[in-house]
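Everything below concerns the one structure shown next.
Quick note on labels: first sequence line is chain A, next is B, and so on, each numbered from 1.
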Amino acid sequence: MRCGRVRRVSDGTLDDAVLRQLARLAQLTLDEATLPDLRAQLATILAHVAKLQEVDVVEADVAAHAEEAAAPLRRDEVRPSLPVEDALAPAPEVFAGLFRVPRVLSG
Amino acid sequence: MTAVRPGVRAMLAGLASGETTAVELVGRCLERITAMDPALHAFLRLNPRAEEEARQADRARARGETGPLCGIPIAVKDNLATAGLATTCGSALLREFVPVRDATAVARLRRAGAVVLGKTNLDEFAMGSSTENSAFGPSRNPWDPARVPGGSSGGSAVAVACGMVPAALGSETGGSVRQPAAFCGVVGVKPTYGRVSRSGLVAFGSSLDQVGVLAGTVADAAALLAVLAGPDPDDATAAARPVEDYAGACGEEVRGLRLGLPREYFGEGLAPEVAAAAHEAASRLAAAGAEVSEVSLPHTPWAIPTYYVIATAEASSNLARFDGVRFGSRVDPGTGLQGMYRATRGEGFGPEVKRRILLGTFVLSAGYHDAYYGRALRLRALLRRDFQEVFAAGFDAVLTPTTPTPAFPLGEKVSDPLSMYLSDVYTATANLAGLPALTVPVGTSGGLPVGVQVLGPDFSEARLFRIAAALERTFGTFHPPAAA
């Protein structure tokens with residue numbers, strides 16, 4: 001969920017500590033029993049993704065993709081937004097017209 | 001049970017002549033679903049109001065108010081929002097989520113008079129190529145229930161192949177309409193990025209996602225896309241450019257068109273029978289007057305690594321919204337806000353979604369961003385440039401196999417994610433380059449359907465329908481034994 005610094009490992013693969021750190025950044029709990037398989041799967045995928053390093057990409061312009069073909073502008077006009085009651089309808093917990101979350105600060 | 005697979009146009013003709021009613025059509029579709037779906041699991045949920053909506057369509061027709069799809073039952077992939085009808089994305093986290101509004105694509109279907117019959121199964125959050133990643137169990141291929149229907153729009157492909165509905169909506173991020181369409185022997189269309197509004201499509205990879213269509217015939221797919229395409233104030237990437245005459249294009253000949261066969265799509269990993277089917281398709285188009293020759297798209301070998309960096313990076317960001325606060329279920333172990341986030345997501349997401357979120361978080365993290373994400377963006381531009389150079393050289397479209405093999409057995413690739421990812425090797429390029437692409441069945445091998453895809457320049461959907469219709473005229477349509 002948040003971009004953060006991950007301890008860099010020399011061969012670009014992941015150990016369990018890095019995996020746990022990624023899980024914290026991604027706000028995920030992981031079942032410890034699944035870590036060995038998960039680490040092996042991600043290592044295989046990253047080894048394949050490492051093929052990206054084979055190509056000379058210096059001349060490529062990152063902006064040259066399909067969105068340029070679309071992306072029209074619309075008038076800068078105020079339009080109705082989602083009514084509060086509709087926005088709150090699918091929420092697990094609401095209180096006084098607000099999304100209710102667990103306590104953030106103790107005390 | 002009706003023995004044939006009726007299409008959109010046949011249904012419209014029956015409705016126009018008074019031979020049938022929308023209520024009857026919905027009843028026939030439900031009859032097929034009752035008979036076939038327990039073994040195949042195409043649907044996650046049926047619309048309890050479908051019959052009432054069909055009755056409204058019949059009343060509208062009686063008043064002379066007929067939209068282009070008035071009374072036609074359509075299925076919708078369960079990652080497109082449907083007001084008042086649960087939209088789960090195949091995830092336990094959204095098991096009870098009921099949207100308050102329709103996705104634009106769904107709203108346009110309804111405005112055209114279509115009846116939303118139900119919501120179809122998919123890999124969780126559209127992440128997968130087999131529909132085995134659904135939290136609600138896999139769908140099965142009607143040609144061989146021991147095999148996958150493809151994914152992620154597997155439920156839609158099964159529903160169309162079996163005639164449970166004449167057409168369905170799907171979505172694509174890396175081939176999720178075309179791959180299951182090819183595996184199930186139906187037509188699948190991935191429009192140009194921006195041709196159809198993404199508003200109300202639950203986001204996976206926003207720069208790649210596009211709503212698509214699955215249908216039994218090319219002309220039926222064209223009829224649906226004509227209703228869906230066009231600008232939308234709710235999606236800034238939906239293009240304003242006029243929608244072409246797709247139906248008219250289906251009747252045009254291919255004489256004079258120049259088609260390229262990219263040599264990189266005919267190499268290692270391609271099953272001989274699929275290669276033979278694609279070459280036969282090229283031969284028949286040549287016999288119909290098209291000029292076919294080999295071309296090169298040299299960066300193709302890097303499409304899958306590029307795709308799995310960009311798609312996972314975008315997914316890790318997009319799926320941050322599923323945190324137990326605004327929608328979906330919540331798991332609160334009583335350890336504060338962060339604990340609630342982690343428990344909700346940890347219990348709510350399945351293994352593949354977690355894998356992709358972790359991978360996306362990794363490739364975006366400081367120290368790795370430039371080596372992975374930055375480089376993948378540049379590769380993506382090179383992949384697009386490959387196609388632009390072929391089209392600039394005078395080619396109207398390229399023709400390739402849709403998938404490297406026919407449908408594979410259930411369970412074969414579940415524990416080997418990379419092997420599963422590689423089944424998208426021919427489809428992900430169109431998403432990365434933003435181009436339109438269409439798959440059409442051209443034969444069977446070992447009792448399983450085989451498809452070829454046609455890719456063209458931005459907004460060349462009419463041309464793709466023209467080529468696909470020519471293929472359909474020579475090869476016919478393909479029906480699984482159970483639905484024949």
Top contributor to chain A contacts, counting heavy-atom pairs under 4.5 Å, from [options]:
options: His299(B), Arg326(B), Lys354(B), Arg195(B); value: Arg326(B)
options: Arg101(B), Arg355(B), Arg385(B); value: Arg355(B)
options: Leu358(B), Leu382(B), Thr306(B), Leu359(B); value: Leu358(B)
options: Gly346(B), Pro305(B), Pro99(B), Ser329(B); value: Pro305(B)

Residues in residues 30-39 of chain A near chain B [non-hydrogen atoms, under 4.5 Å]: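 Under the 4.5 Å heavy-atom cut-off, Leu30(A), Leu38(A) qualify.
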Neighbourhood of chain B inside residues 75-82 of chain A, taking heavy atoms under 4.5 Å as contact: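 Residues in range: Arg79(A), Leu82(A).
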What part of [X] gets closer than 4.5 Å to chain A, counting heavy atoms only: side chain, backbone, both or neither?
X: Tyr421(B); answer: side chain
X: Leu422(B); answer: side chain
X: Val325(B); answer: both

Pairing residues for Glu347(B) by the salt bridge (Lys or Arg N to Asp or Glu O under 4.0 Å) criterion, not counting sequence neighbours: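 Applying salt bridge (Lys or Arg N to Asp or Glu O under 4.0 Å) to Glu347(B) gives none.
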Within residues 40-49 of chain A or reaching into it, pairs that qualify as salt bridge (charged side-chain N to carboxylate O under 4.0 Å, His left out) - sequence neighbours excluded: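 Checked against salt bridge (charged side-chain N to carboxylate O under 4.0 Å, His left out) - neighbours excluded - no pair reaches residues 40-49 of chain A.
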Tyr368(B) OH to Leu46(A) CG distance, which is reported to the nearest 0.5 Å: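 Those atoms lie 9.0 Å apart.
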